[in-house]
Structure formats: structure tokens, C-alpha cells
Number of protein chains: 2
Amino acid sequence: MKALSIKDIAKKAEVSITTVSFILNGKAAQMRISKAVIEKVEAIIKEMEFKPNQVARSLRTGNTKTIGLLVEDISNPFFASIARKIEDKAYKKGYKISYSSTENNPAKAKDLIEMFKSRQVDAYIIAPVPGIEDDIKLLLAEGIPVVIFDRNLPDLDVNSVAVDNFNGTYIATEYLINKGKKNIAFVTVDVHVDQMDNRFLGYQKALKDHGQLFNTALYTEIPFNNPDDNTDAQLKLMFELNPEIDAVLFSTNYLAIKGLGVLKQINKQINEDFTIISYDDHDVFRLHTPPISVVDQPIEEIAERIIDIVLHELANSNNPLNRRGLSKVVLQPHFIER
Amino acid sequence: MKALSIKDIAKKAEVSITTVSFILNGKAAQMRISKAVIEKVEAIIKEMEFKPNQVARSLRTGNTKTIGLLVEDISNPFFASIARKIEDKAYKKGYKISYSSTENNPAKAKDLIEMFKSRQVDAYIIAPVPGIEDDIKLLLAEGIPVVIFDRNLPDLDVNSVAVDNFNGTYIATEYLINKGKKNIAFVTVDVHVDQMDNRFLGYQKALKDHGQLFNTALYTEIPFNNPDDNTDAQLKLMFELNPEIDAVLFSTNYLAIKGLGVLKQINKQINEDFTIISYDDHDVFRLHTPPISVVDQPIEEIAERIIDIVLHELANSNNPLNRRGLSKVVLQPHFIER
DNA sequence: GTGAAAGCGCTAACAG
DNA sequence: CTGTTAGCGCTTTCAC
């Protein structure tokens with residue numbers, strides 16, 4: 001079964017392909033094509049279930065109606081949830097999403113951007129990894145809409161939607177201090193993206209503001225993509241060497257989940273005297289016994305702001321004058337006490 | 001900055017575009033193009049960072065090197081994990097993934113298939129919703145590779161990767177019975193896809209084989225996409241009306257997670273006398289106090305089998321003779337006792 | 001060994 | 001009001 005083309009429709013309707021094309025693109029009125037012809041052609045299109053070949057259209061018009069989405073890992077609930085919301089909104093506007101996971105690997109990220117480029121995606125939504133600033137600059141130089149999120153690239157003039165990471169850990173740390181905690185550990189990843197660094201800084205600043213000293217022994221950095229065993233061992237070591245720890249702040253949900261696993265293994269109870277807080281919420285924390293307080297990122301709002309910016313830029317990419325300036329959105333995280 | 005085309009390269013290298021094209025496609029040797037020319041052209045390609053326009057290539061060749069992935073909801077960890085694995089393997093073979101969430105809505109699923117079609121995706125990976133059998137048939141009739149997974153469409157001659165759902169609930173139920181449970185409730189969704197029905201049947205059969213009667217009062221069906229409040233209320237009601245319940249088998253992880261939330265609200269302890277089992281694992285269950293036993297689906301293997309079939313069909317789609325017959329893969333779930 | 005040219009399906013000047 | 005036609009960038013047949 002061969003796919004239909006605009007030609008087949010034209011032949012069947014006994015009009016030219018131009019006429020069909022105009023009707024297909026809603027330019028019939030403006031081209032003052034007669035009602036009779038429009039109706040006839042539309043009837044045939046419907047009857048034959050003709051769908052224009054989007055690839056040909058893309059080649060001709062230069063836009064593909066797809067948005068490239070680059071995240072760290074689509075199987076991380078944080079990214080998956082955002083992906084889902086973005087997909088929904090994009091779908092309603094006729095856009096499709098092509099996604100890829102960068103694994104925090106700049107080489108892979110660069111390669112993915114290349115692939116997206118050669119596929120002519122209309123816009124990019126990127127959770128950036130360090131080292132791809134130049135690639136993003138290139139995109140911008142070509143006038144392609146880009147929004148970065150989750151992490152900021154401070155010295156890049158690019159739209160971004162971020163959460164105030166500094167404040168997130170600040171309020172969490174402050175909460176712990178107010179609860180009388182004296183030895184608050186901080187567990188994070190070794191990926192020094194702006195966002196992670198800020199989470200660390202928020203923690204440090206809160207300690208300082210409340211007259212506590214930052215103790216490097218209570219700071220653990222886990223390599224990204226560490227095999228589980230190593231991570232477990234590293235965390236165990238920290239707990240063993242520092243029995244005075246009375247609270248732990250994890251800079252990201254999957255580390256906190258690993259942490260809970262380790263605490264279970266070493267049979268350390270979470271209670272009034274030993275508190276855990278995670279950055280990013282997760283069902284695990286809500287249902288845990290006892291429940292775990294978290295710094296929650298407004299996922300819904302993040303996704304909304306991202307796609308709004310993208311769609312707006314896309315809608316106005318023809319007349320650059322109409323494009324609003326850079327959007328640098330900073331949303332506030334919420335502390336959920338449990 | 002205008003994008004380069006093959007023409008620019010040809011001009012710069014002072015050869016014809018044909019030559020460039022051959023070199024680009026690795027047909028240089030077979031066309032017996034001289035080494036000197038090849039090297040010169042390749043140097044220029046590298047120097048100018050030329051990337052062929054994939055859209056034009058697609059229009060010409062008819063294949064887009066992208067695979068359409070239709071899942072119920074990309075933010076469900078089960079689908080997200082599978083999506084991730086599929087993405088990885090596809091990426092290594094030069095394929096990209098375009099995903100969409102069907103929300104169990106046949107109209108949306110149909111529409112998405114149309115969109116993918118007009119975008120000429122090379123192959124489809126679909127977690128089917130009932131009512132799209134005809135659309136899948138159409139795809140097959142056109143010779144496009146399709147693999148369905150998670151749910152089977154029994155009367156369709158299409159590649160599928162499924163898990164033995166019947167056996168999954170059977171062994172879980174048997175486990176509970178062997179633990180001495182007499183009133184095992186079953187909570188499932190109202191979506192009557194083959195896979196969910198089989199989970200129910202496995203539960204029923206196990207009861208029967210062990211001389212227990214199926215009690216409809218202990219069977220609760222939650223509407224898909226139910227607002228949280230309703231679901232909670234429905235579950236509460238079941239627990240209230242049937243205090244004799246000594247175990248609950250949830251047919252899917254998100255229902256079990258909801259269930260845990262409800263049990264927390266009504267302060268019902270999970271212990272030797274009251275056991276919970278979920279279909280599909282999740283971090284929540286592993287870390288829960290007490291931990292929750294689950295029927296685990298071999299996600300990794302599912303993803304692997306899917307992408308293997310797809311890539312194999314794709315590789316041999318030119319010579320249909322070489323295509324192996326239908327692959328109907330059935331994998332076994334594992335019961336994880338915790 | 002290399003090049004000219006047709007054409008994939010569609011859009012949009014430009015003609016009439 | 002509708003049709004003719006020139007490409008979009010690439011692959012591939014055929015010719016030299």
C-alpha cells in the first residue's frame with residue numbers, strides 16, 4: 001500500500017496541487033479559492049485519509065514541528081515528570097518531542113545536539129551539562145530557540161528556568177538547626193554544575209549564619225554513576241567515622257534514596273535524634289516510616305514555564321522584533337516538613 | 001549563519017556533489033573513487049563541520065532513523081526505565097526516539113500514530129491501548145516494523161514482548177496463601193487490557209487451586225486517572241467494610257503506592273497479620289518499613305528484547321525474506337520476598 | 001572514477 | 001481564483 005501524496009488528491013479532485021496545498025494549509029480563504037472547490041477537496045482528503053508527508057513539508061519549510069529535549073536521565077522521576085508535562089503542552093500545539101539522556105556526559109550531549117541539529121528540530125530544551133556552553137552558543141547564534149533548565153549556565157545569554165537552589169538548602173539547613181541539630185552532614189554528587197554548587201553554598205551559608213562551623217568530615221561527594229556498592233560503602237564510612245552526625249541533607253533524591261537503603265543496612269534509626277532531608281521529593285519519602293521532609297521543586301511550574309517560553313519563541317521566531325528578551329526565570333523551592 | 005549543504009562541500013573540494021554524497025555514505029570504495037579525492041573531501045567535511053541534512057536525506061530515502069515510542073505515561077517509572085534502555089540501544093545504532101504518552105486514551109493513541117506516520121518514523125514500539133488494533137494492523141500491512149509490549153493484543157499478528165502476568169499474580173497469591181492468609185483482597189484498575197485481566201485471573205486461579213473462594217467484596221476496581229481523593233476514599237471503604245482482610249495484592253505499582261498512603265492515613269499497620277504485595281517494583285517498596293514484597297518485571301530484559309526485535313526488523317526490512325517470523329516473547333516475572 | 005540530472009512530496013512565488 | 005514551476009538537500013541511475 002503506497003502512501004498518498006498531494007498529487008493523488010489533486011488528480012482525484014481535478015484541481016492543481018497548489019490548490020490542494022493551499023487548502024491543506026488553511027490559506028484557502030486568503031487565496032480566495034471557491035467554497036465549492038474547498039469542500040470538494042476537503043471531502044476527498046477526509047475520504048482518502050490523506051496525511052501530508054511531514055518530512056517533505058519540513059524540507060521545504062525548514063521547520064519540523066519537533067522539539068529536542070535533552071535531560072540527564074529520562075528515567076529519573078524528576079525529569080520524567082517534567083518531560084511528561086512538556087509533552088502534553090507541546091502536543092496541544094502540534095509539536096512532538098524527541099528526547100535523549102545525556103548521562104551528564106558532555107561528549108554525548110554534544111553529539112546529541114548534533115543529531116538534533118541534523119534533524120532540524122525547531123527548538124531545544126536542555127538540562128545542560130558543563131562543557132556544552134559553546135554548542136548552545138552556536139544554537140543561539142543561529143537563532144534557534146533554546147531554554148535551559150534545572151541547571152543554569154551563568155555566563156550564557158540563554159533563556160533559563162531554574163529553581164533557587166541556594167535558598168532550598170538554606171531553608172532546609174536552617175530548619176535542622178532550629179531543631180537543635182549540631183552536626184549536619186551534606187551528601188552530594190561530584191558533578192559541579194552551578195545548581196549543585198549552589199545547594200552546597202546554601203547549606204554552608206545557613207551554617208555560618210547560625211554560628212556553626214562547616215566540618216569537611218561531614219561532607220561527602222559521591223561520583224555520578226557510581227556503582228551502587230561504592231556509594232553504599234562511602235556512605236557507611238561517613239556514618240561510621242562520624243557517629244556524632246545528627247542530621248543529613250542530601251542534595252538530590254536518588255542519593256537520599258541510596259542513603260535510606262544504607263541506613264537500613266546498618267540499622268540506623270531515623271527519629272528525633274537523627275533526621276534526614278532530601279532535595280527533590282519522591283513517593284519514597286512521603287511513605288517512609290517515619291516520613292522524610294524534603295525540599296520540593298515546583299515541577300509543574302518548571303515544565304509550564306519552559307514550554308511557555310519555547311512556544312512563545314517558536315511562534316515569534318519569524319519576526320525577531322517581537323521576541324521578548326531573555327527569560328531568566330527563578331522559581332522558589334518549598335520545604336515540606338513531614 | 002546559513003547551514004552548509006553538500007553543494008558547498010562539493011564546490012570547495014572542486015568535485016561534484018555526487019562524489020561527496022558517495023563519500024558521505026561510505027560508498028566511495030565501491031564506486032572506486034580515488035584515495036586522494038576521498039581524503040580531500042573528508043578533510044573539508046571535518047574542517048567545515050558539515051553535517052548532512054537528515055530531513056532531506058529522509059525525504060529521499062524514505063527512512064528517518066527514528067523510532068516512535070508510545071507508552072501509557074512516560075512519567076511512570078516502569079515506562080521511563082524501559083524508555084531509557086531503549087533509547088540507549090537505539091542511540092548506539094544511530095536511531096533516535098520520539099515518545100508520546102497515550103494516557104490510555106485510544107483517540108489520542110490513534111492521533112499519535114497518525115502523527116508518527118506523517119513524520120515517517122521507521123518503526124513503532126507501542127504499549128497498546130484497546131481500540132487501536134486496526135491502526136496497528138494498518139502499520140503492519142504497510143510493512144512497518146512494530147513491537148508491542150507490556151500488554152498483548154492476542155488476536156493480532158504482531159511482535160510482542162510481554163510478561164506472564166497470570167503467573168505473576170498466581171505466585172504472589174500462592175505465597176500469601178502459604179503464609180496462611182484467608183482473605184486476600186485484589187485492587188486493580190478498570191482498564192481491561194489483556195495484561196490486567198490476566199493478573200486478575202492469576203489471582204483467582206490461585207485462590208481456586210487452594211480451595212479458597214473468590215469474594216467480590218475483596219475486589220476493588222479503581223478508575224484509571226481517578227483523582228487521588230476518590231481513589232483514597234474507595235480504598236478506605238474497602239478496608240472499613242472488610243476488616244477481615246489479611247492481605248492485599250495490588251495489580252500495579254502506583255495503586256500500591258496509593259494504598260500505602262491510605263493505610264498510613266487510617267493508621268493500619270502492615271505486619272505479619274496484614275500483608276501487602278505490589279505488582280511492579282519501586283524504591284518505595286524496598287525502603288518501606290516493613291519492606292513490601294513485590295512481583296518484579298524484568299525491565300532490563302523487556303527493553304532489550306524489544307529493541308533487539310525492532311533493530312533486527314529494521315536491518316532486514318529491505319529484504320522481507322530475511323525477516324524472522326513473528327516474535328512473541330513471554331518473559332517470567334520474579335517474586336521478590338521482602 | 002566522476003558528473004549530470006531526475007526526483008522524493010511539498011510550498012509559495014509568479015503568471016495568468 | 002487557479003495552475004505552472006522552481007526549488008528545499010540529498011541519493012542514485014545512467015552516461016561518459
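Within every chain, numbering begins at 1; the chains are lettered A, B, ... in the order of the sequence lines, protein sequences first and strands thereafter.
A donor-acceptor pair under 3.5 Å links the side-chain atoms of B:Asn316 to the main chain of B:His312, judged by distance alone. In this structure, A:Asp8 contributes its side chain and A:Leu4 its backbone to no donor-acceptor pair below 3.5 Å. Looking only at distances, a side-chain donor or acceptor of B:Thr102 sits under 3.5 Å from a matching main-chain atom of B:Val71.
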Take A:Lys110 and A:Asp134 through the salt bridge (Lys or Arg N to Asp or Glu O under 4.0 Å) test and state the conclusion after the steps.
CA-CA 10 Å; A:Lys110 277 168 190 282; A:Asp134 287 347; 5.9 Å; no
Would you check, one step at a time, whether the test side-chain contact (heavy atoms from CB on, under 4.5 Å) holds for A:Ser98 with B:Tyr99?
CA-CA 7 Å; A:Ser98 229; B:Tyr99 75 85; over 6 Å; no
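Among the heavy atoms of the strands lying under 4.0 Å from B:Val37 are primed sugar atoms or P, OP1, OP2 only; no base atom is included. A:Val55 comes within contact range of no nucleotide atom at all, as no heavy-atom separation falls under 4.0 Å.
Residue pairs satisfying the side-chain hydrogen bond (donor to acceptor under 3.5 Å, both in side chains) criterion with at least one member in residues 116-130 of chain A, sequence neighbours excluded, are listed as follows: A:Thr64-A:Asp122.
Here C:dT2 presents its C1' atom at 12 Å from CD1 of B:Ile38, a figure rounded to the nearest Å. Going from atom CD1 of B:Ile9 over to atom C1' of D:dC10 covers 13 Å, rounded to whole Å. D:dG9 atom C1' lies 14 Å from atom NZ of B:Lys11, rounded to whole Å. Between the P atom of D:dC10 and the NZ atom of B:Lys51 lies a distance of 13 Å, rounded to the nearest Å. Per the geometry, CG belonging to B:Leu59 stands 13 Å off P belonging to D:dT12, to the nearest Å. The nearest whole Å value for the distance from the CG atom in B:Asn63 to the P atom in C:dC8 is 16 Å. C:dC10 atom C1' lies 12 Å from atom CD of B:Gln120, rounded to whole Å. The NZ-P distance, from A:Lys35 to D:dC1, rounds to 11 Å in whole Å.
Checking the phosphate oxygens (OP1, OP2) of C:dG3, a side-chain nitrogen or oxygen of B:Thr19 falls inside 4.0 Å. Residue B:Ser16 has a polar side-chain atom (N or O) positioned under 4.0 Å from OP1 or OP2 of C:dG3. Contact check, B:Ser5 against D:dG9: no side-chain N or O comes under 4.0 Å of OP1 or OP2. Close to C:dT11, at under 4.0 Å from its OP1 or OP2, lies a side-chain N or O of A:Asn25. Contact annotation: B:Lys7 does not reach the phosphate of D:dG9 (side-chain N/O to OP1 or OP2, under 4.0 Å). At least one side-chain nitrogen or oxygen of A:Arg57 sits closer than 4.0 Å to the OP1 or OP2 atom of C:dT11. Considering only side-chain N and O atoms, B:Ser34 lies under 4.0 angstrom from the phosphate OP1 or OP2 of C:dT2. The phosphate of C:dC10 (OP1 or OP2) has no side-chain N or O of A:Ser58 nearer than 4.0 angstrom.
Annotation: cation-pi geometry not satisfied between A:Lys27 and A:Phe22 (NZ/CZ under 6.0 angstrom from ring centroid, within 45° of ring axis).
Among all heavy-atom pairs drawn from B:Phe79 and B:Ala127, the shortest one is CE2-CB, 3.8 Å.
Taking 3.5 Å as the limit, the base of C:dA12 and the side chain of A:Ser21 contain no donor-acceptor pair of atoms between them.
For the helix from C:dG1-D:dC16 to C:dG16-D:dC1, the terminal axes (five pairs an end, C1' atoms, rotation from four pairs onto the next four) enclose an angle of 50°, given to 10 degrees.
Of the candidates C:dT2, D:dC8, C:dA13, the closest approach to any side-chain atom of A:Arg60 belongs to D:dC8.
A salt bridge links B:Lys108 with A:Asp88: at least one charged nitrogen is closer than 4.0 Å to a carboxylate oxygen. One finds a salt bridge joining B:Lys85 and B:Glu300 here, because a Lys/Arg side-chain nitrogen approaches an Asp/Glu carboxylate oxygen to under 4.0 Å.
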Using the 3.5 Å cut-off, write out each protein N or O paired with an N or O of nucleotides 14-16 of chain D and the distance between them.
none

